[in-house]
Amino acid sequence: MSIGKYLRTTLAALALLCSALPADAAGRVIYLTFDDGPLSGTANVLDVLAEEQVPAAMFMVGLHVESSGEQRALLMRAKALPLITVGNHSYSHANNHYRDYYSNTDAVVADMLKANAVLGLTPWVYARLPGRDVFRLINYSKDDLSMDPARYEREVVDYDYVAAMKFLIYGWDFEWAHSGDGKPVQSVDLLLGEIDHLFAYGRFMKRNEMILLMHDEMFQDRFDGKEKLKALIQQLKQRGYVFGDIKQYDPNPYTGISARSSAK
């Protein structure tokens, strides 16, 4: 075998080997975020976060909090955990009719403010708009790139008006997807591989920092939710990833080191 051919073969083998290894996770941050609670599955999420002692943001729906005393107790439990930031995910969740919801700016703002009252949050408030991957932060802004231009032109005023009411609006970089009944789509191993790949080649809102979107209903007992979430967190730790506090994603100069939700 010629030296040139040997070198080409060796380099190809090394490239294949490296592609099979986890990404070098040093200094790479993942922000765990959970939407739509409190729901079935929220208690399991809280159990795992408390046990693993990692920060997370839980964007909750006012209507779900008001549905029962048990759901309100889950909100209070989340607010009592120091590493959890409770955020606003609207009062109605748009009743899952997003185009109608974003056709009335005043109603959108009123719905978000109503959720503040139910959730006990005061400005600055961490928030995620229902059904829209939108950022409106102090130093970062991004619109939902999946929307057609006409729809964007109609809705952008809604995002800006909500932000003007001292909401810090967070989208996401990647999602652990779920089916219509809430069942996680990707296995934990597949999700870990996707995360490694994205950190190696992907572009996030902030370099080397991923906001991971999940939904509380994914972690119900019937989906082995507690075990799946625990496995994800533990294996991310083993790979060397760091878990970030959403308060530090884009520190707010108007309130000191970071923006703050209301007292627990």
Side-chain angles (χ1 to χ4, degrees), residues 22-23 25 28-89 93 119 126 128 130 170 172-199 210-247 249 261 264:
R28 299 185 176 186
V29 183
I30 295 178
Y31 298 86
L32 303 177
T33 70
F34 300 85
D35 281 11
D36 294 357
L39 291 170
S40 178
T42 300
N44 284 341
V45 173
L46 294 174
D47 287 346
V48 173
L49 294 176
E51 182 178 340
E52 295 296 328
Q53 285 294 288
V54 294
M58 301 189 74
F59 295 102
M60 294 195 173
V61 175
L63 186 62
H64 295 167
V65 171
E66 290 189 327
S67 66
S68 71
E70 181 182 1
Q71 304 297 71
R72 183 168 290 279
L74 287 169
L75 165 66
M76 300 312 295
R77 183 184 169 199
K79 294 179 78 173
L81 291 174
L83 291 176
I84 291 181
T85 297
V86 172
N88 183 325
H89 196 38
H93 203 275
L119 296 168
Y126 299 91
R128 176 170 284 155
Y170 289 82
W172 59 90
D173 295 303
F174 189 58
E175 178 178 2
W176 189 356
H178 63 90
S179 57
D181 62 354
K183 184 177 181 180
V185 171
Q186 304 105 307
S187 67
V188 172
D189 286 343
L190 176 57
L191 181 67
L192 288 164
E194 291 172 335
I195 290 172
D196 285 339
H197 177 83
L198 286 168
F199 270 102
M210 171 192 281
I211 296 179
L212 179 62
L213 167 63
M214 296 169 281
H215 291 79
D216 289 27
E217 62 182 336
M218 298 167 58
F219 304 104
Q220 299 174 59
D221 289 336
R222 64 191 178 120
F223 304 137
D224 296 323
K226 185 180 289 189
E227 291 72 19
K228 285 185 171 69
L229 181 57
K230 186 182 298 186
L232 173 67
I233 291 172
Q234 290 178 348
Q235 292 188 50
L236 287 171
K237 286 179 178 178
Q238 291 170 10
R239 281 166 152 79
Y241 288 100
V242 175
F243 295 94
D245 185 334
I246 204 73
K247 296 182 179 70
Y249 184 85
S261 60
K264 302 178 183 67

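As a basis for the values below, the full set of heavy atoms in this structure was taken, side chains included, without hydrogen atoms, waters or symmetry mates. The first residue in the sequence is number 1, and the count goes up from there.
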#### Entry: Minimum heavy-atom distance between G244 and P55, given as atom pair plus value
O-CG, 3.5 Å
### Query
Do L46 and I84 touch side chain to side chain, with heavy atoms closer than 4.5 Å?
yes
### Inter- and intrachain pairs under side chain to side chain donor-acceptor pair (under 3.5 Å), touching residues 48-69, at least two apart
E51-K230, E52-Q234, E52-K237, E66-Y91
### Query
Under the side-chain contact (heavy atoms from CB on, under 4.5 Å) test, which residues partner A73, sequence neighbours left out?
none
### Query
Taking side chain as C-beta onward, heavy atoms only, is M76 less than 4.5 Å from L74?
no
#### Entry: Smallest separation among heavy atoms of T42 and G37, with atom names
OG1-CA, 3.9 Å
#### Entry: Sub-4.5 Å side-chain heavy-atom contact between N88 and F59
no
#### Entry: Validation row: H89, R128 side chains within 4.5 angstrom (heavy atoms)
yes
### Summary
Sorted by chain and number, sequence neighbours left out, salt bridge (charged side-chain N to carboxylate O under 4.0 Å, His left out) with R77 holds for D47
### Message
List the residues meeting side-chain hydrogen bond (donor to acceptor under 3.5 Å, both in side chains) with N44, not counting sequence neighbours, and say none if there are none.
### Response
D221
### Task
Check the pair Y126, K247 against side-chain contact (heavy atoms from CB on, under 4.5 Å), reporting the backbone distance first and the verdict last.
CA-CA 9 Å; Y126 299 91; K247 296 182 179 70; 3.2 Å; yes
### Message
Is it the case that the side chain of Q186 and the backbone of L191 share a donor-acceptor pair, with hydrogens and angles ignored and the cut-off at 3.5 Å?
### Response
no
### Query
What's the spacing between L229 CG and L32 CG if we round to 0.5 Å?
7.5 Å
### Query
For F199 and Y241, what are the C-alpha separation, side-chain angles and deciding distance, and is it a ring-ring contact (aromatic ring centres under 6.0 Å, His included)?
CA-CA 10 Å; F199 270 102; Y241 288 100; 5.1 Å; yes
### salt bridge (charged side-chain N to carboxylate O under 4.0 Å, His left out) against D216, all qualifying residues, sequence neighbours excluded
none
### Task
List for me each residue that meets side-chain hydrogen bond (donor to acceptor under 3.5 Å, both in side chains) alongside Q238, sequence neighbours excluded, and say none if there are none.
none
### Query
Atom NE2 of H215 and atom CG of L39: how far apart are they, to the nearest 0.5 Å?
9.5 Å
### Query
So do M60 and F34 actually touch side chain to side chain, heavy atoms under 4.5 Å?
no
### Task
Give the ring-plane orientation class for W176 versus F219, where under 30° counts as parallel, over 60° as perpendicular and anything between as tilted.
perpendicular
### Task
Would you check if there is a donor-acceptor pair between the side chains of S187 and D189 at a distance under 3.5 Å?
no
### Task
Would you indicate whether the side-chain heavy atoms of V242 and R28 approach each other to under 4.5 Å?
no
### Message
Please determine whether side-chain contact (heavy atoms from CB on, under 4.5 Å) holds for the pair Q235 and V188, giving the CA-CA distance in whole Å, both sets of side-chain angles, and the decisive distance to 0.1 Å.
### Response
CA-CA 9 Å; Q235 292 188 50; V188 172; 4.1 Å; yes
### Query
Could you state the interatomic distance from OH (Y170) to OG1 (T85), rounded to the nearest 0.5 Å?
8.5 Å
### Summary
So CG of L119 and CG of L75: to nearest 0.5 Å the spacing works out to 6.0 Å
### Task
Please name the pair of heavy atoms, one in L49 and one in A56, separated by the smallest distance, quoted to 0.1 Å.
CD1-CB, 3.7 Å
### Task
Grab the two heavy atoms, one from V86 and one from A78, that are nearest each other, plus how far apart they are.
CG2-CB, 3.9 Å
### Query
Atom NZ of K79 and atom CE of M58: how far apart are they, to the nearest 0.5 Å?
13.0 Å
### Query
Is the closest side-chain heavy-atom distance between L213 and F174 below 4.5 Å?
no
### Rounded distance [0.5 Å steps], CE in M210 versus CD1 in I30
6.0 Å
### Query
Are the aromatic rings of F243 and Y31 close, with centres under 6.0 Å apart?
no
### Task
Of all the heavy-atom pairs spanning V185 and S179, show the shortest one and how long it is.
CG2-N, 3.8 Å
### Query
Is a donor on one side and an acceptor on the other found under 3.5 Å between the side chain of K183 and the backbone of H178?
no
#### Entry: Under 3.5 Å donor-acceptor, S40 side chain and Q220 backbone
no
### Task
State, to 0.1 Å, how close L192 and L236 come at their nearest heavy-atom pair, and which atoms those are.
CD2-CD2, 3.6 Å
